[in-house]
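Notes for the one structure printed next.
Only a predicted model underlies this, so the values are computations on that prediction, with no experimental measurement involved. Computation of the quantities below employed the complete heavy-atom set of this structure, encompassing side-chain atoms and omitting hydrogens, waters and symmetry-equivalent molecules.
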Amino acid sequence: MEQNVFFLPHEGLKLAELAEFFGAELANPDHADVIVRSVAPLNRARAGDVCYILSRRSRDELATCEASAVICDKALVDLIPEHIPVILSSNPHAAFAMAGGLFYPAALRPVVFSSESEIAPSAVIDPSAKLEKGVIVEPMAVIGAHAEIGEGTRIGAHSIIGPGVKIGRDCSIAAGASILCALIGNGVIIHNGARIGQDGFGYAPGPRGMIKIVQIGRVIIQDNVEIGANTTIDRGAMDDTVIGEGTKIDNQVQIGHNVQIGRHCAVVAQVGIAGSTKIGNGVQIGGQVGIKGHVTIGDGVQIAAKSGIMTDLAAGGQYGGVPARPLKDYLREAAQLMSKTKQRESKPGGKQND
């Protein structure tokens, strides 16, 4: 890839400094003064880059690697060419992620659209709103009556902060986001176009059609949550919609009213979670999963992409398929179906393989 003009390389760190930053060590202390400036994938790492490996499947790429350092577990040191310095880590993936954040801190937050250091003249802020020192409000943002925003938070261009909304400290609200009926903790990142706190989808059938049910709850977003672009989180009907501390939500996710998501979960793109679902801590949900309303998903559950959740899921399990069942059962059924299909196609008169 050509030089990235959007995120410029770091001025440089010594390998000893980098290893110390994420609690690792150098395989050879003689490499302590080698300078690294950027991160790169193994297959195109050059001088000044640091990369990582997780398995022996990377052997071929290492043969042509030109990185200034590779992060790996002790068990893989023998794979690394002698001319490449090695940083030893028990969790190379996490160490690489930390290195990337150290080199490119600006890339950890939404792109800044303005050089404003305080309040843009074109921002519209109700006189009753309370902004602590160090709050930055970009052009054309709107902040409603009695809203409260904590120190160090940045409100992006054309974003809307509704009346009574409370946002904690050191948050990033990206351009075009809207936040209504919500209480938001510290260190929260909300990306472009996210919609937080609009009314949920609730109707009661009546003699003249669908009667709208009022949605008078809130959205509670705890500390260090990240919410992707164009994701929508509905406010509660009469209870609250809650997103637990440290949870990371990808782009284009729909979270219905009264949903409760636990701490440190990961929800991948295009997941749909229907109302009043309860999700435990440390749950991982793959892309395009659909979850029926009023189900409970236990702590530590992992759900494969494109699955359909129709019933409660016990803690600690791995699930997949439509309807979802234990992942081993789903994979075995899929393998059996593929085998039968191949047998049928290979019989005389059946479809012939190319």
Side-chain angles (χ1 to χ4, degrees), residues 22 41 52-55 57 73 89-98 100-101 108 185 187-191 194 196 219-234 241-335:
F22 45 71
Y52 75 108
I53 63 169
L54 294 176
S55 74
R57 291 194 295 266
D73 187 89
S89 171
S90 60
N91 191 340
H93 195 186
F96 182 77
M98 293 175 67
L108 295 177
V188 171
I189 299 173
I190 298 178
H191 286 271
I196 312 297
V219 176
I220 311 295
I221 297 176
Q222 297 178 0
D223 293 351
N224 300 315
V225 167
E226 184 161 0
I227 297 169
N230 295 325
T231 280
T232 56
I233 303 177
D234 297 341
T241 302
V242 180
I243 311 298
E245 176 187 3
T247 284
K248 312 301 181 185
I249 300 172
D250 198 359
N251 304 332
Q252 297 182 326
V253 171
Q254 160 63 20
I255 298 173
H257 56 199
N258 305 333
V259 168
Q260 297 180 19
I261 298 179
R263 299 164 56 225
H264 305 296
C265 296
V267 183
V268 183
Q270 298 183 0
V271 166
I273 305 175
S276 299
T277 293
K278 294 183 179 180
I279 297 173
N281 300 321
V283 173
Q284 299 179 13
I285 304 174
Q288 296 187 333
V289 166
I291 302 177
K292 174 183 175 292
H294 299 271
V295 301
T296 298
I297 297 173
D299 293 348
V301 164
Q302 297 178 334
I303 304 174
K306 293 183 176 293
S307 297
I309 311 305
M310 308 300 291
T311 59
D312 295 350
L313 300 181
Q318 294 180 313
Y319 301 89
V322 182
R325 52 251 195 221
L327 188 61
K328 289 183 179 179
D329 294 344
Y330 166 62
L331 294 176
R332 181 171 59 251
E333 292 169 9

Within the distance-only criterion (no hydrogens, no angle test), does the side chain of Y319 pair as donor or acceptor with the backbone N or O of A314 below 3.5 angstrom? yes
Taking N251 for its side chain and A229 for its backbone only, find out whether a donor-acceptor pair lies under 3.5 Å. yes
Provide the closest heavy-atom pair for V283 versus G280 in the form atom of the first, atom of the second, distance. CG2-O, 3.5 Å
I221: which of T241, I261, I249, I227 passes side-chain contact (heavy atoms from CB on, under 4.5 Å): I227
Just wondering, are more than 12 heavy atoms of other shown residues or ligands nearer than 6.0 Å to CZ in F96? yes
Please evaluate residues I303 and L313 with respect to the criterion side-chain contact (heavy atoms from CB on, under 4.5 Å), reporting the C-alpha separation (whole Å), side-chain torsions for both, the decisive distance (0.1 Å), and the verdict. CA-CA 10 Å; I303 304 174; L313 300 181; 3.9 Å; yes
Within this structure, what is the NE2-OG distance for the pair H257 and S276, rounded to the nearest 0.5 Å? 5.5 Å
So which atom in A274 and which in G293 form the shortest heavy-atom distance, rounded to 0.1 Å? CB-N, 3.3 Å
Taking every non-hydrogen atom, the tightest pair across A194 and G228: CB-O, 3.9 Å
Which residue pairs pass the salt bridge (Lys or Arg N to Asp or Glu O under 4.0 Å) test when at least one of the two sits in residues 253-280, sequence neighbours left out? E245-R263
Closer than 3.5 angstrom, by distance alone: can the side chain of S307 be matched with the main-chain N or O of G321 as a donor-acceptor pair? yes
Walk me through it: do D250 and Q270 pass the test side chain to side chain donor-acceptor pair (under 3.5 Å)? CA-CA 8 Å; D250 198 359; Q270 298 183 0; over 6 Å; no
Is there a donor-acceptor contact under 3.5 Å from the side chain of N281 to the main chain of D299? no
Rounded to the nearest 0.5 Å, how far apart are CD1 of I243 and CD1 of I196? 8.0 Å
Correct closest heavy-atom pair for V322 and R325 would be N-NH1, 3.4 Å
K292 backbone acceptor or donor facing T277 side chain under 3.5 Å: yes
Any heavy-atom pair between the side chains of I255 and V219 that's under 4.5 Å? no
Counterpart residues, salt bridge (Lys or Arg N to Asp or Glu O under 4.0 Å), relative to D73 (two or more places apart): none
Do I53 and P92 have side chains that approach each other closer than 4.5 Å (heavy atoms only, starting at C-beta)? no
Are the side chains of T247 and Q222 in touch, meaning some heavy atoms are under 4.5 Å apart? no
Working for side-chain contact (heavy atoms from CB on, under 4.5 Å), residues E226 and H191: CA-CA 8 Å; E226 184 161 0; H191 286 271; 2.7 Å; yes
Side-chain heavy atoms of I285 within contact of V253, under 4.5 Å: no
Closest non-hydrogen atom pair between Q254 and D234, with its separation: NE2-OD2, 3.1 Å
